[in-house]
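Any value given below was found using the heavy atoms of this structure, including those in side chains, with hydrogens, waters and symmetry copies removed. Both ligands and their constituent atoms are indexed starting at 1 by order of listing. All values reported here derive from a predicted model rather than from experimental measurement.
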Amino acid sequence: METQIKKLDYERPDEKVIAEAGRIILAGGLVAFPTETVYGLGGDALNPESSKKIYAAKGRPSDNPLIVHIADKEDLYRIARTVPEKAEKLMEAFWPGPLTMIFDKNELVPGETTGGLDTVAVRMPSDRIAAAFIKAAGGFVAAPSANVSGRPSTTTAAHVAEDLSGRIEMILDGGQAVIGLESTIVDMTVDPPVILRPGAVTKEMMEEQIGAVEVDKAMIAPDSGIRPKAPGMKYRHYAPKADLTIVEGRTEDVTEAIRRMVGETMSQGKKAGIIATDETASCYPEGLVMSLGARKHEEEIAMHLFEVLRRFDETDVDCIYSESFEESPIGPAIMNRLLKAAGHKVIHV
Ligand code: AMP
Ligand code: MG
């Protein structure tokens, strides 16, 4: 299959292209589309055959449910069995935006879309192209991140093409995803609600609206053997080809430790890479240094993380050492992805 790539102007997306993308979805095909978090690999959420195609295109295990994207808050009531009052408050505060909520599903949503679960994850993206596309596609677009399973999520159309060219009908190119990390996922079927995946909408932001919000224990203690409630969180993710290690501690100690480890790696005849920031990039005289952006602008770090992981895959480095990013509101979301990419290999200095 030849994948068409259509560049769209964010301010005035071409209506003909959007309509064509919508028709592909309604006919059971797949279209990758931009959102403010990452690119999505979309299919008709109400068509079981479309969901099966999504799993096949990504090579994704079929027990890992898809998020249903809507463009109109009212559409939530068509697929959720019940919408708790707290969910309505969160919807009011954060939709459209980078928050996915989980509800009990009704029979309109096929089990193929939800990985066989009785619940459904729903999000209303704020990206204008995404909203227009979802409307044109009938209002319910199932979409996981538009990457081959196990690779970093995609934040540009070029990354999507790298992974999915020839496997899907169309890619809508809306430029760089501005957040760059997947949405926060919160389970609203329990009270207090539980965060299953951290993202740009933080625990504190939600608590300001609805009081106590908990965090899935499997997310905090990855080696505890506790089964995560978001099935996708149990899979190894984002892993670069090279061996990634995160180094934690005071900045001066971290840069010094990384310099030493890079030296050791090179003395073994191996190639080393470093994930740094604009503030520290010049501290590393040896090794291939890639900066995520300025540490003082945490949004830049989030936005560039997946891209840098992908760029390292194009090189022949054997080991990558990364600085860490605990502070800042989006820090937990950044560290969640980085820790997964590193298989939780962390050195404290
Ligand atoms: P992705 O769209 O690739 O970011 O993956 C979607 C994430 O949402 C995965 O981690 C899924 O496990 C999670 N998810 C989707 N639907 C549900 C659900 N009904 N219950 C729990 N987690 C879900
Ligand atoms: Mg994903």
Side-chain angles (χ1 to χ4, degrees), residues 30 32-43 45 51 54-55 57-70 76 79-83 87 98-106 108-125 130 134 140-155 159-160 163-164 177 179-190 193-201 214-219 222 226-239 302 305-306 309-310 333 336-337 340-341:
L30 304 182
F33 62 102
T35 82
E36 67 278 21
T37 58
V38 296
Y39 273 69
L41 169 54
S51 294
I54 292 176
Y55 289 108
K58 279 193 67 141
R60 180 175 173 117
S62 61
D63 70 342
N64 188 358
L66 310 175
I67 293 173
V68 177
H69 293 70
I70 59 175
L76 171 63
I79 54 173
R81 194 173 289 284
T82 44
V83 178
L99 177 68
T100 296
M101 288 192 270
I102 294 178
F103 302 96
D104 288 320
K105 76 169 190 74
N106 68 20
L108 201 60
V109 187
E112 283 79 357
T113 299
T114 63
L117 298 176
D118 293 330
T119 52
V120 61
V122 188
R123 179 165 105 83
M124 179 173 169
I134 294 163
F140 301 95
V141 173
S145 49
N147 52 279
V148 161
S149 203
R151 290 209 73 201
S153 301
T154 49
T155 51
H159 296 165
V160 179
D163 276 21
L164 298 173
I179 295 176
L181 298 179
E182 306 87 344
S183 59
T184 305
I185 302 181
V186 60
D187 184 356
M188 303 306 298
T189 66
V190 289
V194 178
I195 297 174
L196 309 186
R197 177 173 77 186
V201 174
E214 288 177 357
V215 175
D216 188 13
K217 291 195 181 61
M219 206 175 90
I226 300 169
R227 197 163 164 263
K229 283 187 73 189
M233 300 294 277
K234 71 174 180 280
Y235 293 109
R236 188 160 155 81
H237 238 115
Y238 319 127
L305 177 62
F306 289 141
L309 290 176
R310 278 179 179 265
N336 172 266
R337 280 37 169 214
K340 283 190 151 223

> Looking at CG of Leu164 and CG of Leu30, how far apart are the two atoms once the value is rounded to the nearest 0.5 Å?
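Taking CG in Leu164 and CG in Leu30, the distance rounds to 9.0 Å.
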> Measuring from non-hydrogen atoms of Asn64 to any atom of ligand 1, is the shortest distance under 4.0 Å?
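Contact present.
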> Looking only at distance, does Glu182 have an N or O less than 3.5 Å from an N or O of ligand 1?
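No, Glu182 has no N/O under 3.5 Å of an N/O on ligand 1.
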> Measure the distances from the heavy atoms of Ala143 to every atom of ligand 1 and state whether one is below 4.0 angstrom.
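In this structure, Ala143 qualifies as a contact of ligand 1 - some heavy atom is under 4.0 Å.
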> Whether the Arg123 and Thr37 side chains hold a donor-acceptor pair (N or O, under 3.5 Å, no angle test) is what I'd like checked.
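Side-chain D/A pair, Arg123 to Thr37: present.
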> Tell me which one of His69, Arg123, Arg60 gets a heavy atom nearest to atom 6 (C) of ligand 1.
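Nearest option to atom 6 (C) of ligand 1, by heavy atoms: Arg60.
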> Yes or no on side-chain contact (heavy atoms from CB on, under 4.5 Å) for Lys105 and Val68, after CA distance, side-chain angles and deciding distance?
CA-CA 11 Å; Lys105 76 169 190 74; Val68 177; over 6 Å; no
> Number the atoms of ligand 1 from 1 as they appear, then name those within less than 4.0 Å of a heavy atom of Ile102, with their elements.
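In order of numbering, the contacting atoms are 17 (C), 18 (C), 20 (N), 21 (C), 22 (N), 23 (C).
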> Nearest heavy atom to atom 13 (C) of ligand 1 wins, so pick from Ile185, Asp187, Asp118.
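Result: the heavy atom closest to atom 13 (C) of ligand 1 is in Ile185.
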> Taking only heavy atoms of Thr119 into account, list the atoms of ligand 1 that are under 4.0 Å away from them.
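Contacts of ligand 1 toward Thr119, numbered from 1: 18 (C), 19 (N), 20 (N).
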> Examine Asn147 and say whether one of its N/O/S atoms is closer to the Mg ion (ligand 2) than 2.8 Å.
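So Asn147 does not bind the Mg ion (ligand 2) by this criterion.
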> Does any N or O in the side chain of Thr154 come within less than 3.5 Å of the main-chain N or O of Ala146, such that one atom is a donor and the other an acceptor?
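Confirmed, Thr154 side chain pairs with Ala146 backbone.
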> For Leu76 and Phe103: C-alpha separation, side-chain torsions, deciding distance, then whether side-chain contact (heavy atoms from CB on, under 4.5 Å) applies.
CA-CA 9 Å; Leu76 171 63; Phe103 302 96; 3.5 Å; yes
> Below 30° counts as parallel, above 60° as perpendicular, anything between as tilted: where do the rings of Tyr238 and Phe306 land?
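Tilted: the ring planes of Tyr238 and Phe306 meet at 30° to 60°.
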> Return yes when Arg197 approaches ligand 1 closer than 4.0 angstrom through a heavy atom, no otherwise.
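For ligand 1, residue contact (heavy atoms, under 4.0 Å) with Arg197 is present.
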